[in-house]
There are 2 protein chains.
Amino acid sequence: MTANRVPPAQLAPQLRDAITRLNRRVRQARPVGDLTVTQLSALTSLRLAGALTPRELADVERVQPPTMTKIVAKLEERGLVQRTPHPTDGRQVILAATEGGRAVLDQFERARNEWLASRLAALTEDERDTLRRAADILQQLARA
Amino acid sequence: MTANRVPPAQLAPQLRDAITRLNRRVRQARPVGDLTVTQLSALTSLRLAGALTPRELADVERVQPPTMTKIVAKLEERGLVQRTPHPTDGRQVILAATEGGRAVLDQFERARNEWLASRLAALTEDERDTLRRAADILQQLARA
DNA sequence: CAGGCTCATTAGTTAGGCTAACGACTGTGA
DNA sequence: TCACAGTCGTTAGCCTAACTAATGAGCCTG
């Protein structure tokens, strides 16, 4: 299969549409439990990083500090996040996912992937290969 | 190029990560003007369809009718959408983007695509072709 | 060691989503 | 033919999630 010429200006809106719509779809596949997308995202970032201050987590999530205060408060209520004082700086706080938080995360992760995985299973081997290569390229774009 | 075997369970998280991250990235490239993402999306759907009733637009946007009432009200305030009575059914209303609405849309569209288009331009012809085919498959998944 | 800075939080606003309920209108069946 | 069930859009009221501005606690430097 020869590569067609694909002008970036034409590909961009197509790709953007595909991504935003599929993203909506994936988000709609909400598993059991009542964590919101925002809370889930923050918890995920927190686990990934290990431990962060509210400010750092806010930066990672691209949210203002007061917003993160609220999100963390809700996660803490449910015992999914733990707050410990900073060892040397009395102003700061250290946030970390609790064991319960990590367990909830695993559950969500599985359920979210299930929907997509079942759809992917219906594709041909060729289509999946195209998506695999595309995923690499998209990751690269997102990092740029 | 032969197709590798790609188990769906393995591809799903990769693809999901790529999509959610790139989606955040695209959304952050917000252009000038004060239309929100929601309003922009509704306006886009409206222009695409030509003219719709509130109910139809709500269905397209996957939103409940009362929510669409609010969104349309804001778009109407700015003169981007026009409301006309249905010719035969007194209950219904016909919504359409005004010329001003279409102009605003063009502006946003350009600015949003710019970031992505410039990144795409840096890829090889092969990579862009992969993404083009992937975009089709992703659209298909989103509709499923 | 006084003053300015940083960090987290609180207070208050706005957007965007939902359900429940309602009034206007349509269309059908007795 | 007309009573009534259903549809359409809207209003009301609630919640989440984001923002900015302001506040108070703690740090650090001149």
Side-chain angles (χ1 to χ4, degrees), chain A residues 20 23-30 33-46 49 51-78 80-96 108, chain B residues 20 23-24 27-30 32-46 49 51-78 80-96 104 108:
Chain A
T20 56
N23 194 54
R24 276 185 199 170
R25 227 26 207 254
V26 167
R27 290 193 169 219
Q28 277 170 8
R30 283 272 288 281
D34 45 2
L35 272 196
T36 66
V37 173
T38 311
Q39 290 164 11
L40 184 61
S41 176
L43 190 54
T44 302
S45 294
L46 197 52
L52 293 172
T53 67
R55 157 77 61 180
E56 288 167 341
L57 184 53
D59 286 346
V60 168
E61 289 292 298
R62 300 202 182 259
V63 139
Q64 294 302 309
T67 301
M68 192 46 69
T69 294
K70 285 191 190 176
I71 297 170
V72 168
K74 283 180 184 150
L75 290 172
E76 203 187 6
E77 267 176 29
R78 292 163 199 260
L80 306 179
V81 157
Q82 201 175 10
R83 221 191 209 95
T84 57
H86 192 283
T88 64
D89 189 335
R91 297 165 302 180
Q92 296 188 45
V93 175
I94 305 289
L95 304 174
F108 271 77
Chain B
T20 56
N23 192 52
R24 277 187 197 167
R27 288 195 168 217
Q28 278 168 8
R30 281 274 287 280
V32 283
D34 47 1
L35 271 197
T36 66
V37 172
T38 310
Q39 291 164 11
L40 184 61
S41 176
L43 191 53
T44 302
S45 295
L46 198 51
L52 293 172
T53 67
R55 156 80 59 180
E56 289 167 341
L57 185 52
D59 286 347
V60 169
E61 290 292 298
R62 302 204 180 256
V63 139
Q64 294 303 308
T67 301
M68 191 46 70
T69 294
K70 283 191 192 178
I71 297 170
V72 168
K74 283 181 185 149
L75 290 173
E76 203 186 6
E77 267 177 28
R78 293 164 198 259
L80 306 179
V81 157
Q82 201 176 9
R83 219 190 210 98
T84 58
H86 191 283
T88 64
D89 190 334
R91 295 167 300 181
Q92 295 188 45
V93 175
I94 304 289
L95 303 174
V104 165
F108 271 76

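Just so it is clear: chains get the letters A, B, ... in the order the sequence lines come, proteins before strands, and each one is counted from 1.
Pro54(B) and Met68(B) get closest at one heavy-atom pair: O-CG, 3.8 Å.
By the 4.5 Å heavy-atom criterion applied to side chains, Val93(A) and Val72(A) are not counted as neighbours. A heavy-atom distance below 4.5 Å is not found between the side chains of Glu76(B) and Leu95(B). Looking at heavy atoms from C-beta onward, Leu75(B) lies in side-chain contact with Leu35(B) at the 4.5 angstrom threshold.
Residue Thr69(A) has its side chain nearest to dT9(C) when only dT9(C), dA17(D), dA18(D) are considered. Among the nucleotides dC8(D), dA18(D), dA8(C), the one closest to any side-chain atom of Ile71(A) is dA18(D).
Each of Asp59(B), Val60(B), Thr53(B) was evaluated against Glu56(B); a single residue qualifies, Thr53(B), per the side chain to side chain contact (heavy atoms under 4.5 Å, CB included) test. Partner Val81(B) forms a side chain to side chain contact (heavy atoms under 4.5 Å, CB included) with one of Leu46(B), Ile71(B), Leu57(B) and no other, that one being Leu46(B).
Using a 4.0 Å heavy-atom distance criterion, Glu56(A) is classed as making no nucleic acid contact. Backbone-only engagement by Thr38(B) is indicated by non-hydrogen atom pairs under 4.0 Å involving sugar-phosphate atoms exclusively. Lys70(A) comes within 4.0 angstrom of a nucleotide base, judged by non-hydrogen atoms across all strands.
Across the protein-nucleic acid pair, Lys74(B) atom NZ and dT11(D) atom P stand 13 Å apart, rounded to whole Å. Straight-line distance from the CE atom of Met68(A) to the P atom of dT16(D): 17 Å, rounded to whole Å. For the pair Glu61(B) CD and dG9(D) C1', the interatomic distance rounds to 18 Å; values are reported in whole Å. Straight-line distance from the CG atom of Leu40(A) to the P atom of dA17(D): 11 Å, rounded to whole Å. Between the CZ atom of Arg83(A) and the P atom of dC7(C) there is a distance of 16 Å, given to the nearest Å. One can place CZ of Arg78(B) at 11 Å from C1' of dA15(C), the figure rounded to the nearest angstrom. For Asp59(B) and dG9(D), the CG to P distance is 10 Å, given to the nearest whole Å. Atom CZ in Arg55(A) sits roughly 12 Å away from atom C1' in dC5(C) (whole-Å rounding).
Not a single donor-acceptor pair under 3.5 Å links the side chain of Gln92(A) to the backbone N or O of Asp89(A).
Taking 4.0 angstrom as the limit, Thr67(A) places a side-chain polar atom (N or O) nearer than this to OP1 or OP2 of dC19(D).
Comparing Pro54(A) and Gln64(B) by the nucleotide of DNA chain C that holds the closest heavy atom to each, the one mapping nearer the 5' end is Pro54(A). Comparing Thr53(B) and Pro66(A) by the nucleotide of DNA chain D that holds the closest heavy atom to each, the one mapping nearer the 5' end is Thr53(B).
If you check residues 88-95 of chain A against DNA chain D, the residues with a heavy atom closer than 4.0 Å are Thr88(A), Asp89(A), Gly90(A), Arg91(A), listed by number.
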